[in-house]
Amino acid sequence: MDWNGKAAIWITVALLLANLPFLSRRMFVFGRVRSSEKTMVWLAFEWLLMYAAALSLSLLLEGASSWTGGAVKGWQFYVISAFLFTTFAAPGFIYRYLYQRKSD
């Protein structure tokens with residue numbers, strides 16, 4: 001698989017993972033929430049775990065590429081991936097807190 005294919009896979013998976021905590025009312029998509037709403041702390045915790053999964057996938061994809069050979073990553077790699085993941089989470093955050101109407 002070429003580099004463009006790997007980038008497309010990572011972007012697609014990262015978009016999905018970044019938005020899952022905001023689009024699902026369930027804990028980690030599968031578990032039940034005892035209260036009617038997930039708190040912002042739980043959303044942040046879920047989002048961080050999803051970021052860890054996306055980061056693992058990016059390290060796996062980059063390590064499998066032939067020309068990098070699993071080279072040591074600098075801080076730039078982690079900062080760029082964190083900012084991309086944060087940007088990818090914007091649609092889910094906007095949908096949850098700005099577009100969704102609360103029932104009175």
Side-chain angles (χ1 to χ4, degrees):
M1 182 182 306
D2 65 340
W3 218 180
N4 290 332
K6 290 179 185 179
I9 289 172
W10 187 82
I11 288 172
T12 305
V13 171
L15 271 168
L16 178 68
L17 289 177
N19 288 301
L20 271 179
F22 299 108
L23 298 178
S24 173
R25 299 234 182 256
R26 294 178 167 266
M27 192 63 59
F28 300 110
V29 182
F30 301 110
R32 292 185 181 201
V33 180
R34 293 185 185 185
S35 65
S36 62
E37 280 287 319
K38 287 194 284 188
T39 63
M40 187 58 109
V41 173
W42 277 113
L43 284 171
F45 181 68
E46 274 186 285
W47 184 85
L48 284 172
L49 286 178
M50 298 294 178
Y51 171 64
L55 184 63
S56 300
L57 177 66
S58 65
L59 289 171
L60 178 74
L61 288 175
E62 190 171 348
S65 67
S66 61
W67 59 276
T68 58
V72 177
K73 312 297 181 273
W75 62 271
Q76 298 93 343
F77 176 82
Y78 300 103
V79 170
I80 289 170
S81 66
F83 277 110
L84 275 174
F85 201 73
T86 303
T87 304
F88 290 163
F93 182 84
I94 289 170
Y95 173 75
R96 183 175 184 99
Y97 290 107
L98 297 179
Y99 285 141
Q100 214 172 39
R101 295 181 185 227
K102 300 208 187 252
S103 59
D104 294 324

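Partners of F22 according to the ring pair (Phe, Tyr, Trp, His ring centres under 6.0 Å) rule, which considers only residues two or more places apart in sequence or in another chain, are F93. Applying the ring pair (Phe, Tyr, Trp, His ring centres under 6.0 Å) criterion to F85, with sequence neighbours excluded, gives W47, Y51. Residues forming a side-chain contact (heavy atoms from CB on, under 4.5 Å) with Y78 (at least two apart in sequence, or on another chain): L55, L59, K73. Listed by chain and residue number, nothing satisfies the side-chain contact (heavy atoms from CB on, under 4.5 Å) test with L48 (two or more places apart in sequence, or in another chain).
Y97 and M50 fall within the same hydrophobic cluster, defined by Ile, Leu, Val, Met, Phe, Trp and Tyr side-chain heavy atoms under 4.5 Å apart, directly or through other members.
Residues M40 and F45 are not in side-chain contact: their nearest non-hydrogen atoms beyond the backbone lie 4.5 Å or more apart. W42 has its side chain out of reach of P21: every pair of non-hydrogen atoms, C-beta onward, lies at least 4.5 Å apart.
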N/O donor to acceptor pairs below 3.5 angstrom from side-chain atoms of residues 7-15, sequence neighbours left out:
{"unit_1": "W10", "atom_1": "NE1", "unit_2": "A54", "atom_2": "O", "d": "3.0"}
{"unit_1": "T12", "atom_1": "OG1", "unit_2": "A8", "atom_2": "O", "d": "2.8"}

**Evaluation steps, side chain to side chain contact (heavy atoms under 4.5 Å, CB included), between R96 and L43** = CA-CA 11 Å; R96 183 175 184 99; L43 284 171; 3.8 Å; yes
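Its side chain outside the 4.5 Å cluster rule for every partner, V41 clusters with none of the Ile, Leu, Val, Met, Phe, Trp and Tyr residues.
Separating the CG atom in N19 from the CD1 atom in I94 is a distance of 10.0 Å, to the nearest 0.5 Å. Interatomic distance, OG of S58 versus CG of L84, reported as 10.0 Å (0.5 Å rounding).
Closest non-hydrogen pair, L23 versus G92, comes out as CD2-CA, 4.2 Å.
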